[in-house]
Amino acid sequence: MTLTHDEIHHPFLVKSYLSDLQSHVQLSLVSQPFTIPLHRRKMKGILRMSNWHVSETTFNPQQRQFHETVYTIGNGYLGTRGTFEEGYPVAAPLTLVHGLFDAVPIVHTELVNAPNWLHLTILIDGEHFRLDRGELLAYHRELDLATGTLTRMVRWRSPAGHTVELVFERFTSLADIHVLGLTCQFTSVDFSGTVEVRAGLPGHVDNDGRLHWEWRGQGSPDEQSAYLTVETKESQLVLSEACQLSLEGAFEPTYAFQNGSWTPTVVACTRVEPGQSFTAKKIVTLFTSRESEDVQASALDKLAEASAQGYMALRAANDAAWEREWGRCNILIEGDDEADQALRYSLFQLLIAAPRHDDRVSIAAKTLSGLGYHGHVFWDTEIFMLPFFIYTQPELARNMLLYRYHTLPGARRVAAAQGYAGALFAWESADTGDESTPRWVPTSDGDLIRIWCGDIELHIVADVAYAVHHYWQVTGDDDFLRDYGAEIFLETALFWASRVEWNAERALYEIKDVIGPDENHEHVDNNAFTNRMASWNLQEAVNTLSWLRRHYPEKATALEEQLELTEEQLAHWREIIKKIYLPYDPETGLIEQFEGFFDLISVDFAEYEPRKTSMQALLGVAETQAYQVLKQADVLMLLYLLAAEYDLATIKANWDYYTPRTDLTYGSSLGPAIQATLAAQMGELKVAYEHFILAARTDLEDVRGNAWAGIHGASAGGLWQAVIFGFGGVREEEGRLVAHPQLPSGWTRLKFQLQYRGEWYAFDLSA
Ligand code: BGC
């Protein structure tokens, strides 16, 4: 690692460089102002970034929650929001572990907040270090995307007038997912006396007031270590965390174990003199009964192993794992720092949420970064996030598709409960695949509104099948298709075949009473997206069965028997494919979003500007149904997914019609990136870029004001698609990948690599 001129002027980078070298040199931060490199352009919010960093130089309690989301770190096993080690009034630390669900009324089940491993409090001559007390003299927080580490530097004067500097660092190891670590380098500016450091594992955490844990045990194997074991009330999943605290400085520390209620804590005491420093290191391990039979023993064994390695070695292994990760996934955009940074940040958020060692979990809509949507998985994963993994880390994409395969029993129950055959994937899916969408949610006025998505937003079924096909096409993983994918195709086809209705008058099959991707309109008939994707799903089921019969006849027979597939059934599928109703006006080339959409009231959005909320909120939830106001792309989404079937004129006609009717800024965050991709494919680069940048700012600039609830994973995945399939123009042609780049103005270079059928393709594109 070499340092650039800017980096040398950045104490944080100097520090991490030194720690890379395992140096124990103390930085003289006392006499230096915090220097922010000049190339860090000020953005609209207070977040500043370099290409590999997201940082802030002021602490704004008003934006605390939004920034807690932004500074989430993770390792594909768990995610931890950016709350402070020492706590802050009303701040709720949040660590979510994949698959750790527990039952809860209304929303069925939710990911449970794990005991707070970040806990580290510091007392300076008995005074608690806290940002809501004393005087904050300087502040800088920075997320390093290259290594997944979060650092924070604070210069603080206590109420009694002692000035100190603290540099915190934390990481969740990508090299060993059960290992977490944090350090605090403490420097006294003018204080001489005793400092106490407490490192605990507080277990009395909740999910927005909902309590999920029962205490199972705590203790201390030695005076520097502690552990806590808890169990979820309903699902009876056990979790154990263990930690070890060590202090390195000029004076010999003393250690003691404090057996606080639900909070086993190691307390270390030392002395400092002005100008002196010490470093507190907390190594934490975490296991759940999902991967270990004796979680406590696993956590303690791992702690002994990790402590023997030491913090520096654990960090080095983490950094090396991240280097490998970025070697496959990084994308370089030259000429547009904001795009380059925002894209890398989005990929980082996807990478820290992707399960690497577990195929029974998948990425939730809000990843592992917030309680929004309770950790439930939507179509966001298969349609928006998965392509990034399919082309860069297909083994992770496979894990997530296997998650859907494992939820087939749940999906069969969902279909059967509605009186249908086959598998109906849950609109909101959790551990079992049973439907987890809440039926009712309270509005801000306290009224309850009925949520119909769990009953009738059926397109999820075809979305999952689409992702299976996409994965197979790109990887050529025939084993996966034979062993898992084929069953998904056939089960979903059985569902559609039982769900369609024959309209004798029209002599066509219909799908009535659904919600399409645009959730502003409920209980619609013949939603074009749903109908066309259903027939696509049926066609792929037919194709897959023929493929299976040709290549793996025994597997074909086994599945035919298991699913009781008959020739009549297959003939019925072919009939539906031929005769499904697709609302389309050949004169204009317009596809009608659903029957009757063209007759709804059209609205000029400009009349509602300036606004800070969705059109639906302004018009009213029930009232919006009567208007041509889309929450997100619906017909355009269809044209995007099945692009090969539509000519440019059709895409353009529908784009022109639907875009002004779509609430891009305050509707769904899923829309803009996909619209950007389509616009780029149409050659409308300026418009494409406008949509792209709107998606890029979703979380970093909190465009919708809801980033506090968690990262918008679908938007992050969509951004990757906009760059690769939109501006990069990547397409499959004659069995290989070809790029037809159309770079937005200012982009001088776009560099990335993709895997296709086992081969890596490196693209280095210029304007
Ligand atoms: C969107 C859905 C999306 C869900 C989760 C909703 O607001 O309309 O398409 O799946 O959020 O992100």
Side-chain angles (χ1 to χ4, degrees), residues 69 107-108 110-111 346 349-350 353 362-386 400 404 425-430 435-438 441 443 449-464 466-467 514-522 524 527 529-530 533 593-594 613-617 621 624-625 629-638 640-641 658 661-675 694-695 698-699 703-719 721:
T69 296
V107 297
H108 307 276
E110 66 180 354
L111 283 182
S346 295
Q349 287 298 338
L350 293 175
S362 189
I363 307 181
K366 300 286 183 194
T367 67
L368 293 170
S369 63
L371 288 177
Y373 291 127
H374 309 276
H376 296 173
V377 180
F378 293 66
W379 73 315
D380 304 38
T381 314
E382 281 75 18
I383 297 298
F384 297 83
M385 305 181 217
L386 216 63
M400 289 183 261
R404 289 295 190 179
F425 286 107
W427 175 246
E428 293 189 25
S429 185
E435 186 53 73
S436 301
T437 309
V441 295
T443 63
I449 60 166
R450 177 75 160 89
I451 303 295
W452 288 100
C453 306
D455 305 71
I456 56 174
E457 194 156 351
L458 307 179
H459 64 84
I460 178 69
V461 174
D463 302 331
V464 173
Y466 184 90
V514 300
I515 299 176
D518 161 30
E519 293 175 348
N520 278 356
H521 298 94
E522 297 174 337
V524 301
N527 166 249
F529 184 92
T530 308
M533 291 300 287
Q593 186 176 308
F594 52 82
T613 186
S614 69
M615 289 297 292
Q616 192 194 43
V621 173
T624 306
Q625 302 254 16
V629 173
L630 276 65
K631 182 176 175 185
Q632 66 204 78
D634 195 305
V635 167
L636 294 182
M637 197 69 212
L638 174 65
Y640 173 61
L641 293 184
Y658 284 106
R661 291 169 167 80
T662 307
D663 191 358
L664 279 156
T665 319
Y666 296 106
S668 166
S669 66
L670 277 64
I674 298 303
Q675 302 225 163
L694 181 62
T698 301
D699 289 312
V703 172
R704 291 177 171 71
N706 61 1
W708 58 268
I711 290 291
H712 295 80
S715 176
L719 210 61
Q721 298 188 49

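Any value given below was found using the heavy atoms of this structure, including those in side chains, with hydrogens, waters and symmetry copies removed. We count ligands from 1, going down the list as the structure has it; atoms in each ligand are counted the same way.
Classification of Asp455 and Arg450 as a salt-bridged pair holds, one side-chain N sitting under 4.0 Å from a carboxylate O.
When each of Asp699, Thr698, Asp380 is paired with His712, the side-chain hydrogen bond (donor to acceptor under 3.5 Å, both in side chains) condition holds for Asp699 and for no other.
Residues of the protein with a heavy atom under 4.0 Å from ligand 1 are Ala365, Tyr373, Phe378, Trp379, Asp380, Trp427, Glu519, Lys631, Gln632, Ser668, Leu670, listed by chain and number.
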Report task. Let me see the working for Ile674 and Met637 under side-chain contact (heavy atoms from CB on, under 4.5 Å), right down to the final yes or no. Result -> CA-CA 7 Å; Ile674 298 303; Met637 197 69 212; 3.8 Å; yes

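Side-chain atoms of Pro517 and Asn527, non-hydrogen and from C-beta on, do get closer than 4.5 Å to each other. Looking at heavy atoms from C-beta onward, Ile363 lies out of side-chain contact with Val377 at the 4.5 angstrom threshold.
By the salt bridge (Lys or Arg N to Asp or Glu O under 4.0 Å) test, Glu519 pairs with Lys631, sequence neighbours left out.
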